[in-house]
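Working notes, structure below.
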Amino acid sequence: MYMVYWTLVGEQGSAAHAQGFDTSEMVAAMGFMEGLRKRQREGEGIRFVTMCSEHPDAVGHPGVDVTGPDYNWKKRRR
C-alpha cells in the first residue's frame, strides 16, 4: 500500500492531507504526487509532498527490534 501525504498552507493556517493507493498503484501514486508538485510550482500553497509505502505481506514488524546479549555489530572503518 502507498500513502501520499501533503500539506495545504493558506491564510487560515495549514492542513495535512493524505490519499491511499493500492500496492499495485505505484504509477498512479507517483502521478498524483507530480500533479501536486505541478500545482505547487504554479503557486498553490502545497507543501511537504511525500510518499510512504508499507507492504501488507511484509515479514516481521517495522522499526527497530531488541537485540540479544550476543549482538556485536560494528561498523567497519578504514
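- Heavy atoms only, all atoms of each residue included: Ser14 and Val9 are closest at CB-CG2, 4.0 Å.
- Applying the side-chain hydrogen bond (donor to acceptor under 3.5 Å, both in side chains) rule to Asp70 yields no partners; only residues at least two apart in sequence or on another chain are considered.
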Name each donor-acceptor pair under 3.5 Å that joins a side chain in residues 22-31 to protein atoms two or more places apart or in another chain, with its distance.
unit_1	atom_1	unit_2	atom_2	d
Asp22	OD2	Ser24	N	3.2
Asp22	OD2	Ser24	OG	2.9
Thr23	OG1	Met1	N	2.7
Glu25	OE1	Asp22	N	2.7

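- Sorted by first then second residue, the salt bridge (Lys or Arg N to Asp or Glu O under 4.0 Å) pairs that include residues 4-13, not counting sequence neighbours, number zero.
- By the salt bridge (Lys or Arg N to Asp or Glu O under 4.0 Å) test, Arg47 pairs with no residue at all, sequence neighbours left out.
- Listed by chain and number, the hydrophobic cluster partners of Phe48 come to none, as no ILVMFWY side chain reaches under 4.5 Å of it.
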List the atom pairs, with distances to 0.1 Å, where a side-chain N or O of residues 49-56 and a protein N or O form a donor-acceptor pair under 3.5 Å, not counting sequence neighbours.
unit_1	atom_1	unit_2	atom_2	d
His55	ND1	Asp57	N	3.0

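- Across every non-hydrogen atom of Gly20 and Met3, the tightest pair is CA-SD, 3.3 Å.
- Applying the side chain to side chain donor-acceptor pair (under 3.5 Å) test to pairs two or more places apart or on separate chains, those with a residue in residues 31-43 are Glu34-Arg41, Arg39-Glu44.
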> Can Val4 and Leu36 be said to form a side chain to side chain contact (heavy atoms under 4.5 Å, CB included), step by step?
Replying inline: CA-CA 10 Å; Val4 175; Leu36 289 171; 4.0 Å; yes

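- For Phe32, the ring-ring contact (aromatic ring centres under 6.0 Å, His included) criterion is met by Trp6, Phe21, not counting sequence neighbours.
- In this structure, NE2 on His17 lies 4.0 Å from CG on Leu8, to the nearest 0.5 angstrom.
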